[in-house]
2 protein chains.
Amino acid sequence: MTQKIDFLSKNQQIVLEIIEKAKEPLKAYSILFSVQKKGIKGPPQVYRALDRLIKLGKIHKIESKNAFVACKNDNCTISNATAFSICDNCEMVTEISNPKLSKYLTNFQDETGMRYNKYNLEFFGLCKKCKK
Amino acid sequence: MTQKIDFLSKNQQIVLEIIEKAKEPLKAYSILFSVQKKGIKGPPQVYRALDRLIKLGKIHKIESKNAFVACKNDNCTISNATAFSICDNCEMVTEISNPKLSKYLTNFQDETGMRYNKYNLEFFGLCKKCKK
DNA sequence: TTGAAATATGTTATATTATAACAAAGCGTA
DNA sequence: TACGCTTTGTTATAATATAACATATTTCAA
């Protein structure tokens, strides 16, 4: 049987915890180094946990940075519709949860008639702090 | 002085040409293999050309695939505002040029007051062919 | 013109990110 | 229990990207 959708294995819990505690997106290998003392030895264990957490919507991958952040939405049902704001200077990443935006993009249809079931949007600019 | 904005070096021309001819996004190392007969020996030469072509708006990087496509817009002034449609099955990638969408996103402002000067949007789904 | 500073290119090596391949362990159920 | 399936562990390696330095080219002021 496939793993139950609400159950996290030990490795998955370890990886999720460290991502949730972090204030910034974490790279896979920095996760690996941090969790080696907890018994995780190799990249595949980390990447498998990351893959699963992504599928569950518990974390998201910031594609432009190859880094991972915890999902900030209460129920992580929108992992197929993600938007982030990224500061070019301090690299701060924030998940945008704006109902209007997600509605607009979820309903978006282009000329080709292709219907989308997932999107990822990354905004870049300077955050308030760095604008000063 | 900085290289003139409308001038491409030999390497840049070679790389751009091969990307423009391709029907699908190209990976950096597949570009490298194709251009080795033309005198380009190493990854840095390819990556430098790619970086410059991106800055000029001649090509875009598909972040979720680590691959590069030619810009389809006549004048490539919107390289800071990109949107793509990606088929999960056949991996076809199309650049979306939809004025309404780009206007919406360019003007988008979130609660934090951060103003964006760049965004990248990637839609995923099944293209017409693959839906059948 | 000429030569110092800046820019661009070539080259080797290596860092970073991710997955293949297979072995071992756990789990459900007939 | 023993068979099939899924998950986990482990080693090795593939794929992506950049550091570091050497060489060449261009720019432009003295």
Side-chain angles (χ1 to χ4, degrees), chain A residues 1-19 22 24-56 58-69 91 93 120 122, chain B residues 1-19 22 24-56 58-69 86 88 91 93 120 122:
Chain A
M1 202 225 280
T2 282
Q3 189 181 22
K4 282 200 221 79
I5 200 165
D6 55 355
F7 175 77
L8 295 183
S9 77
K10 195 175 166 223
N11 287 352
Q12 290 156 16
Q13 284 172 41
I14 292 171
V15 170
L16 177 57
E17 196 170 304
I18 191 173
I19 295 176
E24 63 288 315
L26 295 183
K27 305 269 199 162
Y29 275 71
S30 99
I31 293 170
L32 175 58
F33 297 143
S34 316
V35 299
Q36 274 175 336
K37 61 193 71 150
K38 300 200 176 175
I40 293 180
K41 297 265 177 55
Q45 285 160 287
V46 171
Y47 280 101
R48 282 178 195 141
L50 290 171
D51 286 350
R52 177 126 263 265
L53 292 169
I54 287 171
K55 280 204 188 96
L56 296 177
K58 298 286 189 190
I59 64 171
H60 304 298
K61 181 174 185 182
I62 309 300
E63 292 286 356
S64 61
K65 296 196 170 302
N66 298 315
F68 303 85
V69 291
E91 310 231 310
V93 172
N120 179 56
E122 298 180 7
Chain B
M1 201 226 280
T2 279
Q3 189 181 24
K4 282 201 221 77
I5 201 164
D6 54 357
F7 176 78
L8 295 183
S9 77
K10 196 177 166 221
N11 287 351
Q12 290 155 17
Q13 285 172 41
I14 292 171
V15 170
L16 177 56
E17 196 170 305
I18 192 171
I19 294 176
E24 64 287 315
L26 295 183
K27 305 269 200 163
Y29 273 72
S30 98
I31 294 171
L32 175 58
F33 297 143
S34 316
V35 300
Q36 275 175 334
K37 60 192 72 152
K38 300 200 177 176
I40 293 180
K41 297 265 176 53
Q45 286 160 286
V46 171
Y47 280 101
R48 281 177 195 143
L50 290 171
D51 286 351
R52 177 127 263 266
L53 292 169
I54 287 170
K55 279 201 188 98
L56 296 176
K58 299 286 189 191
I59 64 170
H60 304 299
K61 181 174 186 182
I62 309 300
E63 293 287 356
S64 61
K65 297 196 169 302
N66 298 317
F68 304 85
V69 292
I86 301 168
D88 283 325
E91 309 233 310
V93 172
N120 180 55
E122 297 181 7

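Below, chains carry the letters A, B, ... as their sequence lines are ordered, and counting in each starts from 1. Quick caveat, the model's predicted, so the values are computed rather than measured.
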A:Gln12 has a side chain; which of D:dT8, C:dA18, D:dA17 sits nearest to it? D:dT8
Quickly work out the A:Leu8 CG to D:dT8 C1' distance and round it to whole Å. 15 Å
Looking at residues at least two apart in the chain, or sitting in another chain, which of them share a side chain to side chain donor-acceptor pair (under 3.5 Å) with A:Glu91? A:Lys65
Could you state the CD1-P distance from A:Ile62 to C:dT17, rounded to the nearest angstrom? 14 Å
What's B:Lys65 touching, base or sugar-phosphate or nothing? Going by heavy atoms closer than 4.0 Å. nothing
By side-chain contact (heavy atoms from CB on, under 4.5 Å), which residues pair with A:Gln13, not counting sequence neighbours? A:Leu8
Estimated bend of the helix from C:dT1-D:dA30 to C:dA30-D:dT1 (axis per five terminal pairs, rounded to 10 degrees): 20°
Can you list everything that forms a side chain to side chain donor-acceptor pair (under 3.5 Å) with B:Glu122? Sequence neighbours excluded, please. B:Ser64, B:Asn120
Hits for side-chain contact (heavy atoms from CB on, under 4.5 Å) against B:Glu24, two or more places apart or cross-chain, chain-then-number order -> B:Ala22, B:Leu26
Rounded to the Å, how far apart are A:Leu32 CG and D:dG9 P? 13 Å
Provide the closest heavy-atom pair for A:Asn11 versus A:Ala49 in the form atom of the first, atom of the second, distance. O-CB, 4.1 Å
I'd like to check B:Ile31 versus B:Leu50 (side-chain heavy atoms, cut-off strictly below 4.5 Å). Are they in contact? yes
Quickly work out the B:Asp51 CG to D:dT16 P distance and round it to whole Å. 16 Å
Whole-Å distance between C:dA18 C1' and A:Phe68 CZ? 9 Å
Is the phosphate of D:dT25, meaning OP1 or OP2, less than 4.0 Å from a side-chain N or O of B:Lys10? no
Between C1' of C:dA8 and CG of B:Leu53, the distance in whole Å: 15 Å
With sugar-phosphate meaning primed atoms plus P, OP1 and OP2, does A:Lys27 contact a base, only sugar-phosphate, or nothing at under 4.0 Å between heavy atoms? sugar-phosphate
Quick one: which protein N/O atoms are closer than 3.5 Å to N/O atoms of nucleotides 10-14 of chain C? Pair and distance per line, please.
from   : atom 1 : to      : atom 2 : distance (Å)
C:dG10 : OP2    : B:Asn11 : ND2    : 2.5
C:dG10 : OP2    : B:Gln45 : NE2    : 2.8
C:dG10 : O5'    : B:Gln45 : NE2    : 3.4
C:dG10 : N7     : B:Arg48 : NH1    : 2.7
C:dG10 : O6     : B:Arg48 : NH2    : 2.4
C:dT11 : OP2    : B:Lys41 : NZ     : 3.4

B:Ile14 atom CD1 is separated from C:dT9 atom C1', nearest whole Å, by 12 Å
Who pairs with A:Pro43 by side-chain contact (heavy atoms from CB on, under 4.5 Å), at least two apart in sequence or on another chain? A:Tyr29, A:Leu32, A:Tyr47
Which atom of B:Phe68 lies closest to which atom of B:Ile59, heavy atoms considered: CD2-CD1, 4.2 Å
Is there a side-chain contact between A:Tyr47 and the phosphate of C:dT19, meaning an N or O under 4.0 Å from OP1 or OP2? no
Phosphate contact (D:dA15 OP1 or OP2) by B:Asn66 side-chain N/O below 4.0 Å: no
